[in-house]
Amino acid sequence: MLDIKKIRNNSNEVTQSLVRKDKNLSINHILSLDNDLKSLTTELNNLQAEQNSKSKEVGILKSKGESTELVFKDLKVLSDKIKDLEKEQRSLSSNLKNALLEIPNTPHETSPDGLSEKDNIVVSEKGVKKDFNFEIKDHIELGKQLDILDFEVAAKMSGSGFPLYKGDGALLERALINFMIDYHLKNFNYTEFFTPYLVKPESAVTTGQLPKFSEDMYHIEKDDLFLIPTAEVPLTNIHKDDILKVKDLPKYYLGYSSCFRREAGSYGKDTRGLLRVHQFNKVELVKFVEPENSYKELKLLVKQATNILGLLELDYRIIELCTGDLSFAAAKCFDLEVWAPGEKKWLEVSSCSNFEDFQSRRGNIRFKNNEGKLDFLHTLNGSGLATPRIFAAFIETHQNEDGTISIPDCLQPYMGKSEIK
RNA sequence: GGAGAGGUGGCCGAGUGGCUUAAGGCGCACGCUUGGAAAGCGUGUAGAACGCAAGUUCACGCAGGUUCGAAUCCUGUCCUCUCCGCCA
């Protein structure tokens, strides 16, 4: 959520920034609601002040045993007027709040201009794109041949988009998850969480999925709970309504979870095999930091996620998202992509974003700054990482001519073997 | 699913219709004291809106209602805790 004061005092600047994300965005309705609310509030406050002082008179008159009839007459008129205005104020202020919740975050000034993913910038590429001197297979073929992935059986029980990992496939998936968790815990100061998978609507409002993107999540109607699309949601809401101490910042939280996404409207678009699924596994990294440090922390976050790809001996590149491709809540974002030689595609496996105070305003997550004042802190998150596309790129990259998969050193302790055959 | 208790400032906690502009404590800040620290003493501090400020108003989970006036009474709702039931 954007700061209404900032919108009010710098409306041109905010508009200019927002249209970099989406040229159709406008905040005019917000400005007019805010204006109405402001003048109404002023009027109401004056009436309330009058009511307060007159009511006090009642107490004094009564204690003296004098008649209160005259004052009551005035007060009754005032009271009715105030009630009307209060009703109007409530409705205006809730309209304003709802409108604000629909406005995306403004992009950071350094986020490059652009309309779509075509305009994203490749920051760096460690994509040697290993040479194969044999006919390589894609992950679907490999998965079938090695009997480690079974999409047909999965579809029988759940429909399309739900992978079933089998034997060494299940082992590899589990090894990847454990390796990634351990890596972050050992090398950086993360606290591990195992979170609920179902959250209340307000939790999804904090992180920005609601109210705008309810179609993207699975909803349990009977209990009005949403299946988490990422552990970012519960991890961020750990501190909803909290006031953190500046000496406790930054806070680094890590959580593995299954993630559930309806992927409505994306049928037929890169949905082969593991490329786009309704349920997948992800190790998520969330940071709560002081505003002045958030961009430094973003850099570090990208590095923390990237290191994993190097250790897994995958080819990858870092992409900086242009304004038009930034998510609703992000001010700046770097994506990590791995090269899947079988698919002959770059696959997005991580998104590292700085949300600045956008989420913390929505979730009322504050800290006491050095001057003792309460302020909204900055939140960041990044996947560290999402497994299904890693899995695909992994078996495609490490396949051998005889159809076996070599396991890189970092994963061997978790697999208990050096190849899948 | 059934029964009960409760939700007040950063935290704890008093408060059952009108000097509550929310007592008291903890914490925090500053000062005194001290060789230094702790303790002690003193002073201050408290969320939100509008405003340069003075100030005004709002805020006692949330939403309604009663009343001239609500933290306090009524209704609904959400959440937390305890007990019972069910259960991996």
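Quick note on labels: first sequence line is chain A, next is B, and so on, each numbered from 1. Below, all heavy atoms of this structure are taken into account, side chains as well, without hydrogens, waters or symmetry copies.
Here the nucleotide nearest the side chain of Lys5(A), chosen from U67(B), G51(B), A49(B), is A49(B). Taking only side-chain atoms of Lys38(A), from C-beta outward, the nucleotide of A48(B), C50(B), G65(B) with the closest atom is C50(B).
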Next item on the list: Going 5' to 3' through nucleotides 55-63 of chain B, assign each nucleotide B (protein heavy atom under 4.0 Å from a base atom), S (under 4.0 Å only from sugar-phosphate atoms) or - (no protein heavy atom that close).
Entry: -SSS-----
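Note on Asp147(A) versus Lys166(A): salt bridge recorded, some NZ/NE/NH1/NH2 to OD/OE distance being below 4.0 Å. Using a cutoff of 4.0 Å between basic side-chain nitrogens and carboxylate oxygens, Asp138(A) and Arg272(A) are scored as salt-bridged.
Rounded to whole Å, the separation between the C1' atoms of C58(B) and U8(B) comes to 16 Å. C11(B) sits 16 Å from A23(B) when the P atoms are compared, rounded to a whole Å. Nucleotides U57(B) and A5(B) are separated by 35 Å at their C1' atoms, to the nearest Å. Spacing of P atoms, G10(B) relative to G61(B), comes out at 14 Å, to the nearest Å. A gap of 46 Å separates the C1' atoms of C81(B) and U33(B), to the nearest Å. A distance of about 15 Å separates the C1' atoms of G25(B) and G15(B), rounded to the whole Å. With P as the reference atom, A59(B) and A70(B) are 9 Å apart, rounded to whole Å. Comparing the P positions of C73(B) and G55(B) gives a spacing of 34 Å, expressed to the nearest Å.
Summarising the geometry, the separation between CD1 on Ile4(A) and P on A48(B) is reported as 16 Å, rounded to the nearest angstrom. Per the geometry, CD belonging to Gln89(A) stands 12 Å off P belonging to C50(B), to the nearest Å. Between the C1' atom of C50(B) and the CG atom of Leu92(A) lies a distance of 15 Å, rounded to the nearest Å. Between the CG atom of Leu96(A) and the C1' atom of C50(B) there is a distance of 14 Å, rounded to whole Å. Atom CG in Asp241(A) sits roughly 14 Å away from atom C1' in A48(B) (whole-Å rounding). In this structure, Leu374(A) atom CG and G10(B) atom C1' are separated by 8 Å, rounded to whole Å. Atom pair Leu40(A):CG and A49(B):C1' shows a separation of 13 Å (rounding to whole Å applied). The interatomic distance linking Lys83(A) (NZ) with A70(B) (C1') rounds to 11 Å, in whole Å.
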Under 3.5 Å, which donor-acceptor pairs link side chains of residues 302-312 of chain A to any protein atom two or more places apart or in another chain?
residue, atom, partner, partner atom, Å
Gln304(A), OE1, Tyr190(A), OH, 2.6
Thr306(A), OG1, Val302(A), O, 2.4
Asn307(A), ND2, Tyr183(A), OH, 2.8

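Across all strands, Ser79(A) comes closer than 4.0 Å only to sugar-phosphate atoms, never to a base (heavy-atom distances). No contact: Leu78(A) has no heavy atom under 4.0 Å from any strand.
In summary, the side chains of Glu356(A) and Asn105(A) do not present any donor paired with an acceptor at a separation below 3.5 Å, with no hydrogens or angles considered. Thr110(A) and Lys332(A) share a side-chain donor-acceptor pair at under 3.5 Å. Donor-acceptor pairing under 3.5 Å is lacking for the side chains of Gln399(A) and Lys137(A).
Residue-environment remark: NZ (Lys345(A)) exceeds the threshold of 12 foreign heavy atoms within 6.0 Å.
At least one cation-pi condition fails for Lys251(A) and Phe288(A): the charged atom is not both under 6.0 angstrom from the six-membered ring centre and inside a 45 degree cone around its axis.
In terms of position on RNA chain B, the residue among Glu202(A) and Arg366(A) whose nearest nucleotide sits closer to the 5' end is Arg366(A). Nearer to the 5' terminus of RNA chain B, by closest-nucleotide assignment, is the contact made by Ile243(A) (compared with the other of Ile243(A) and Lys200(A)).
When side chains are defined from C-beta on, Ile365(A) does not count as touching Phe376(A), because their heavy atoms never get closer than 4.5 Å.
Stem list for RNA chain B (at least 3 consecutive Watson-Crick or G-U pairs, distances under 3.5 Å): B:1-7 with B:78-84, B:10-12 with B:24-26, B:27-32 with B:40-45, B:47-50 with B:55-58, B:61-65 with B:73-77.
The main-chain N or O of Val205(A) is found under 3.5 Å from a side-chain atom of Arg362(A) such that the two form a donor-acceptor pair.
For the atom pair CD of Glu141(A) and CG of Leu146(A), the computed distance is 10.5 Å after rounding to the nearest 0.5 Å.
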